[in-house]
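Read the numbers this way: they start at 1 and go in the same order the structure lists the ligands and their atoms.
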Amino acid sequence: MKRKKRIIIAIDGFSSTGKSTMAKALAKKLNYAYIDTGAMYRAVTLYCLDNGLFDGDIVDEEKLMQVLPAITITFKPNAEGRSETYLDGRNVESEIRSMRVSDKVSIIAAIGFVRREMVRQQQAMGKKKGLVMDGRDIGTVVFPQAEMKVFVTASAEVRAQRRFDELRGKGDTTTTFDEVLHNVTERDRIDSTRAESPLRQAEDAHVLDNSHMTIAEQDQWLLDLYNSIVDDN
Ligand code: DC
């Protein structure tokens, strides 16, 4: 059998659409590398929190600009083969998912020089192709030439319900559905209206609305799309 061409797969979309779950599953199936770019913005945010660069919601941008080139963010698979995030050699996978970081990450992700540095690193990771990358600006800014672009969406209510179920599953019994819904719509607003690389659908992206799809159905949808693209190349 002819060896299939290795391509770049860009998966963008709103928060809580299950982008990373589907991106990871596809990367595993194709034996591709997987990069979670949200984790990179989260790691920079954690660095700022731990090094006193935040004063409330204000970041010391001058200091951040000085230290950013020295901050290293890497990904390494754990014992089960799942990719985990390292900040300056330290495993920060669980810390970057905490509310402390989630509350501040959109501030860091809106800073132009931070985005330019992250995009530079992300482009370097794609040199060898064979990569699935998920984020907000992958198909528009990082890899506008990606062979496969997917834009994932689902209704705000469905996404809030998924987050709400996840929180209840983790033992959170106090956060209400309305609070989660508010947080989801607020993040949509911030992500789509910021001046630097706002979340928007690339013209040549394939839209996946997974409001009423099971995980198995969306995995199959992605695989069918991948096959149609590589068979044409
Ligand atoms: O996907 P996530 O929730 O881990 O993303 C965290 C934050 O980073 C979120 O506010 C959106 C932002 N982000 C971004 O601006 N560009 C990306 N390529 C990835 C994430």
Side-chain angles (χ1 to χ4, degrees), residues 8-25 27 33-49 54 57 59 64 68 71 73 75 82-87 92-126 131-144 146 149-154 156 159-160 162-164 166-167 170 180 182-202 205 208 210:
I8 291 186
I9 300 175
I11 303 190
D12 290 304
F14 292 103
S15 63
S16 305
T17 45
K19 283 192 305 294
S20 43
T21 307
M22 70 179 81
K24 264 182 227 162
Y34 162 68
I35 301 291
D36 170 0
T37 61
M40 298 173 73
Y41 292 96
R42 287 173 179 273
V44 175
T45 306
L46 179 64
Y47 179 96
C48 292
L49 284 165
F54 269 106
D57 280 350
V59 196
L64 180 56
L68 192 62
I71 299 176
I73 302 164
F75 296 98
R82 245 181 299 120
S83 168
E84 294 190 326
T85 315
Y86 285 72
L87 171 63
V92 293
E93 185 57 32
S94 103
E95 256 181 287
I96 59 168
R97 314 284 165 196
S98 66
M99 274 315 280
R100 186 167 83 100
V101 171
S102 299
D103 276 349
K104 296 274 191 275
V105 64
S106 55
I107 299 171
I108 295 296
I111 302 175
F113 69 83
V114 173
R115 299 204 69 86
R116 285 189 287 280
E117 176 58 21
M118 295 301 107
V119 168
R120 190 188 64 74
Q121 295 188 15
Q122 290 153 10
Q123 289 171 336
M125 293 170 190
L131 179 77
V132 182
M133 192 173 270
D134 85 52
R136 305 292 192 287
D137 59 345
I138 312 305
T140 51
V141 175
V142 183
F143 294 119
K149 296 182 189 178
V150 178
F151 189 86
V152 194
T153 181
R159 289 184 286 132
R162 289 175 186 158
R163 287 256 320 269
F164 180 75
E166 197 182 345
L167 287 170
K170 282 184 180 164
V180 177
H182 175 76
N183 180 270
V184 164
T185 49
E186 189 54 17
R187 286 230 274 160
D188 288 355
R189 192 187 61 75
I190 297 174
D191 284 351
S192 331
T193 57
R194 69 171 177 232
E196 288 283 342
S197 312
L199 170 66
R200 67 180 173 83
Q201 189 187 317
L208 173 61
N210 66 7

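The contact shell of ligand 1, taken as protein residues with any non-hydrogen atom closer than 4.0 angstrom, comprises Thr37, Gly38, Tyr41, Arg42, Val105, Ser106, Ala109, Arg115, Gly135, Arg136, Asp137, Arg187, Asp191, Arg194.
Salt-bridge check for Asp188 with Arg159: passed, with a basic side-chain N closer than 4.0 Å to an acidic carboxylate O. Under 4.0 Å is where a charged nitrogen must lie from a carboxylate oxygen, and between Arg163 and Glu166 no such pair does.
Scored by the side chain to side chain donor-acceptor pair (under 3.5 Å) test, Glu186 finds Arg189 as partners (sequence neighbours excluded). Qualifying side chain to side chain donor-acceptor pair (under 3.5 Å) partners for Arg187, counting only residues two or more places apart in sequence or in other chains: none.
Remark: side-chain polar atoms of Arg42 are paired, donor with acceptor, to backbone N or O of Ile96 under 3.5 angstrom.
For residues 8-22, no residue pair satisfies the salt bridge (Lys or Arg N to Asp or Glu O under 4.0 Å) rule, not counting sequence neighbours.
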